[in-house]
Amino acid sequence: MNYWLMKSEPDAFSINDLIDCENQIEPWDGIRNYQARNMMRDQMKIGDLAFFYHSSCKVPAVVGVMKVHSEAYTDPTQFDPESKYYDPKSPPDNPRWQLVDMEFVEKFDRPVPLSTLRTIAELSEMKLLKKGNRLSILPITASEWEVIYNLSKA
DNA sequence: GCCAACGTTGGC
DNA sequence: GCCAACGTTGGC
(Lines give C-alpha, C1' and ligand atoms only; values in the text may rest on other atoms or scores of the structure.)
Protein backbone atom coordinates (compact mmCIF):
# COMPACT_ATOMS: atom_id res chain seq x y z
CA MET A 1 0.00 0.00 0.00
CA ASN A 2 1.49 3.29 -1.15
CA TYR A 3 0.54 6.88 -0.45
CA TRP A 4 0.59 9.68 -3.03
CA LEU A 5 -0.06 13.36 -3.51
CA MET A 6 -1.55 14.44 -6.83
CA LYS A 7 -1.78 18.04 -7.93
CA SER A 8 -4.51 19.65 -9.95
CA GLU A 9 -5.31 23.25 -10.70
CA PRO A 10 -8.80 23.78 -9.30
CA ASP A 11 -9.70 26.05 -12.22
CA ALA A 12 -9.10 23.05 -14.50
CA PHE A 13 -10.25 20.19 -12.27
CA SER A 14 -11.08 20.56 -8.59
CA ILE A 15 -12.09 18.08 -5.93
CA ASN A 16 -15.69 19.21 -6.40
CA ASP A 17 -15.39 18.29 -10.07
CA LEU A 18 -14.30 14.81 -9.00
CA ILE A 19 -17.29 14.54 -6.68
CA ASP A 20 -19.56 15.41 -9.60
CA CYS A 21 -18.10 12.75 -11.89
CA GLU A 22 -20.09 9.65 -12.70
CA ASN A 23 -19.48 7.16 -9.88
CA GLN A 24 -17.04 9.78 -8.55
CA ILE A 25 -14.36 8.16 -10.69
CA GLU A 26 -12.32 9.99 -13.31
CA PRO A 27 -9.32 9.21 -15.53
CA TRP A 28 -6.40 11.32 -14.32
CA ASP A 29 -5.41 12.42 -17.80
CA GLY A 30 -2.89 14.93 -19.04
CA ILE A 31 0.22 13.74 -17.19
CA ARG A 32 3.05 14.68 -19.56
CA ASN A 33 6.10 14.11 -17.40
CA TYR A 34 8.09 10.91 -17.57
CA GLN A 35 8.80 10.64 -13.85
CA ALA A 36 5.13 11.05 -13.00
CA ARG A 37 4.16 8.58 -15.72
CA ASN A 38 6.63 6.02 -14.41
CA MET A 39 5.18 6.28 -10.92
CA MET A 40 1.69 5.66 -12.24
CA ARG A 41 2.84 2.82 -14.44
CA ASP A 42 5.28 1.06 -12.13
CA GLN A 43 4.35 1.84 -8.57
CA MET A 44 0.68 2.75 -8.25
CA LYS A 45 -1.54 -0.10 -7.11
CA ILE A 46 -5.30 -0.33 -7.01
CA GLY A 47 -6.40 0.82 -3.59
CA ASP A 48 -3.46 3.14 -2.97
CA LEU A 49 -4.54 6.37 -1.30
CA ALA A 50 -3.69 9.82 -2.63
CA PHE A 51 -4.15 13.33 -1.37
CA PHE A 52 -5.91 15.69 -3.78
CA TYR A 53 -3.83 18.89 -3.86
CA HIS A 54 -5.01 22.20 -5.33
CA SER A 55 -2.11 24.00 -7.00
CA SER A 56 -1.64 27.33 -8.77
CA CYS A 57 -4.48 28.96 -6.90
CA LYS A 58 -5.13 31.45 -4.11
CA VAL A 59 -4.61 28.99 -1.27
CA PRO A 60 -2.62 25.97 -2.41
CA ALA A 61 -3.75 23.13 -0.14
CA VAL A 62 -4.40 19.45 0.43
CA VAL A 63 -8.17 19.32 0.06
CA GLY A 64 -9.11 15.66 0.32
CA VAL A 65 -8.45 12.00 -0.36
CA MET A 66 -8.84 9.75 -3.39
CA LYS A 67 -7.90 6.20 -4.15
CA VAL A 68 -6.40 4.53 -7.17
CA HIS A 69 -9.16 2.71 -9.02
CA SER A 70 -7.34 1.15 -11.98
CA GLU A 71 -4.03 -0.04 -13.24
CA ALA A 72 -2.23 2.33 -15.60
CA TYR A 73 -3.50 2.35 -19.19
CA THR A 74 -3.06 4.42 -22.34
CA ASP A 75 -4.12 8.07 -21.96
CA PRO A 76 -6.41 8.61 -24.97
CA THR A 77 -6.02 12.40 -24.93
CA GLN A 78 -2.51 12.12 -26.38
CA PHE A 79 -4.05 11.06 -29.71
CA ASP A 80 -6.85 13.64 -29.74
CA PRO A 81 -5.91 16.70 -31.81
CA GLU A 82 -8.75 18.58 -30.11
CA SER A 83 -7.31 17.96 -26.65
CA LYS A 84 -4.95 20.35 -24.96
CA TYR A 85 -3.00 17.25 -23.99
CA TYR A 86 -2.53 16.18 -27.63
CA ASP A 87 0.99 14.87 -28.25
CA PRO A 88 1.63 14.50 -32.00
CA LYS A 89 4.98 12.85 -31.29
CA SER A 90 3.50 9.93 -29.40
CA PRO A 91 3.66 6.82 -31.61
CA PRO A 92 0.21 5.15 -31.79
CA ASP A 93 1.83 1.71 -31.74
CA ASN A 94 3.88 2.64 -28.67
CA PRO A 95 2.00 5.29 -26.68
CA ARG A 96 4.08 7.55 -24.52
CA TRP A 97 1.53 8.48 -21.89
CA GLN A 98 -0.56 6.54 -19.45
CA LEU A 99 -3.06 7.35 -16.76
CA VAL A 100 -4.90 5.76 -13.86
CA ASP A 101 -8.53 6.15 -12.83
CA MET A 102 -8.96 7.92 -9.50
CA GLU A 103 -11.94 7.54 -7.17
CA PHE A 104 -13.20 10.12 -4.69
CA VAL A 105 -12.93 9.15 -1.02
CA GLU A 106 -13.21 12.24 1.15
CA LYS A 107 -13.28 16.03 1.02
CA PHE A 108 -11.71 17.70 4.03
CA ASP A 109 -13.84 20.05 6.14
CA ARG A 110 -10.54 21.77 6.87
CA PRO A 111 -8.19 21.80 3.87
CA VAL A 112 -4.55 21.82 4.90
CA PRO A 113 -2.79 24.78 3.23
CA LEU A 114 0.74 24.60 1.93
CA SER A 115 1.63 27.39 4.35
CA THR A 116 0.60 25.15 7.25
CA LEU A 117 2.56 22.18 5.95
CA ARG A 118 5.66 24.36 5.94
CA THR A 119 5.37 24.93 9.69
CA ILE A 120 5.38 21.23 10.62
CA ALA A 121 8.81 19.90 11.56
CA GLU A 122 7.92 16.29 10.70
CA LEU A 123 7.12 17.33 7.15
CA SER A 124 10.26 19.30 6.45
CA GLU A 125 11.67 16.55 4.22
CA MET A 126 8.53 16.25 2.08
CA LYS A 127 9.19 16.53 -1.63
CA LEU A 128 6.26 18.88 -1.96
CA LEU A 129 8.02 21.42 0.22
CA LYS A 130 11.36 21.24 -1.54
CA LYS A 131 12.30 24.19 -3.67
CA GLY A 132 11.85 23.70 -7.36
CA ASN A 133 9.64 20.66 -7.07
CA ARG A 134 7.32 20.56 -10.05
CA LEU A 135 6.22 16.95 -10.20
CA SER A 136 2.46 16.63 -10.35
CA ILE A 137 2.51 13.22 -8.66
CA LEU A 138 4.60 12.69 -5.55
CA PRO A 139 5.06 9.75 -3.19
CA ILE A 140 4.21 10.36 0.48
CA THR A 141 5.45 8.31 3.43
CA ALA A 142 2.99 6.68 5.81
CA SER A 143 4.04 8.98 8.64
CA GLU A 144 3.68 12.08 6.46
CA TRP A 145 0.26 10.87 5.42
CA GLU A 146 -0.81 10.49 9.02
CA VAL A 147 0.45 13.93 10.03
CA ILE A 148 -1.33 15.67 7.16
CA TYR A 149 -4.52 13.69 7.58
CA ASN A 150 -4.65 14.54 11.28
CA LEU A 151 -4.15 18.23 10.48
CA SER A 152 -7.34 18.11 8.42
CA LYS A 153 -9.21 16.97 11.54
CA ALA A 154 -7.59 19.40 13.96
C1' DG B 1 2.74 39.39 -13.24
C1' DC B 2 7.27 37.90 -11.77
C1' DC B 3 10.70 34.69 -11.55
C1' DA B 4 13.30 30.52 -10.05
C1' DA B 5 13.64 25.81 -11.01
C1' DC B 6 13.58 22.28 -13.94
C1' DG B 7 12.44 19.23 -18.09
C1' DT B 8 12.71 18.91 -23.01
C1' DT B 9 14.33 19.94 -27.53
C1' DG B 10 17.44 20.28 -31.14
C1' DG B 11 21.79 21.90 -33.29
C1' DC B 12 26.35 20.72 -33.40
C1' DG C 1 26.76 13.50 -25.79
C1' DC C 2 26.92 18.42 -24.70
C1' DC C 3 24.56 22.46 -23.79
C1' DA C 4 21.94 26.70 -24.93
C1' DA C 5 17.37 27.96 -25.78
C1' DC C 6 12.91 27.48 -24.74
C1' DG C 7 8.54 26.16 -22.40
C1' DT C 8 6.15 24.99 -18.20
C1' DT C 9 5.21 24.81 -13.33
C1' DG C 10 3.70 26.94 -9.43
C1' DG C 11 4.51 29.84 -5.27
C1' DC C 12 4.42 34.43 -4.10
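Here is the naming used below: chain letters follow the sequence lines, and residue numbers restart at 1 for every chain. Hydrogens, waters and symmetry mates are skipped; everything else that's a heavy atom, side chains included, is used.
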Would you verify whether the NZ or CZ of A/Lys107 falls within 45 degrees of the ring axis of A/Phe104 while also being under 6.0 Å from that six-membered ring's centre?
-> no
Side chain of A/Ser55 (C-beta onward), nearest among C/dG10, B/dT9, C/dC12 | C/dG10
Give a yes/no answer on whether the side chain of A/Lys7 brings an N or O atom under 4.0 Å of OP1 or OP2 in C/dG11.
-> no
Think A/Tyr53 has a side-chain N or O under 4.0 angstrom from the OP1 or OP2 of C/dG11?
-> yes
A/Arg134, nearest nucleotide to its side chain (from B/dT8, C/dG10, C/dT8) = C/dT8
Take A/Arg32 and A/Asp75 through the salt bridge (charged side-chain N to carboxylate O under 4.0 Å, His left out) test and state the conclusion after the steps.
-> CA-CA 10 Å; A/Arg32 295 293 179 269; A/Asp75 181 344; 3.1 Å; yes
Would a line drawn from the ring center of A/Tyr3 to the ring center of A/Phe51 be shorter than 6.0 Å?
-> no
From NZ of A/Lys130 across to P of B/dC6 the rounded distance in Å is 12 Å
Atom CD of A/Gln35 to atom P of C/dT8: distance rounded to whole Å?
-> 19 Å
Rounded interatomic separation in angstrom, taking CD1 from A/Ile137 and P from C/dG10 = 11 Å
Atom CG of A/Asn33 and atom C1' of C/dT9: how far apart are they, to the nearest Å?
-> 10 Å
Would you please confirm or rule out a distance under 4.0 Å between OP1 or OP2 of C/dC12 and any side-chain N or O of A/Arg118?
-> yes
In whole angstroms, the gap separating P of B/dA5 from CG of A/Leu138 amounts to 18 Å
For A/Asn133 and for A/Lys89, locate the closest nucleotide of DNA chain B by heavy-atom distance; then report the residue assigned to the nucleotide nearer the 5' terminus.
-> A/Asn133
With sequence neighbours left out, what residues match A/Lys130 under salt bridge (Lys or Arg N to Asp or Glu O under 4.0 Å)?
-> A/Glu125
Separation of atom CG in A/Leu135 from atom P in C/dG10, rounded to whole Å | 9 Å
Could you tell me which residues satisfy salt bridge (Lys or Arg N to Asp or Glu O under 4.0 Å) with A/Asp87, sequence neighbours excluded, listed by chain and number?
-> A/Arg96
Rounded to whole Å, NZ of A/Lys131 lies from P of C/dT9 at a distance of 20 Å
Atom CZ of A/Arg32 and atom P of B/dT8 are separated, to the nearest Å, by 13 Å
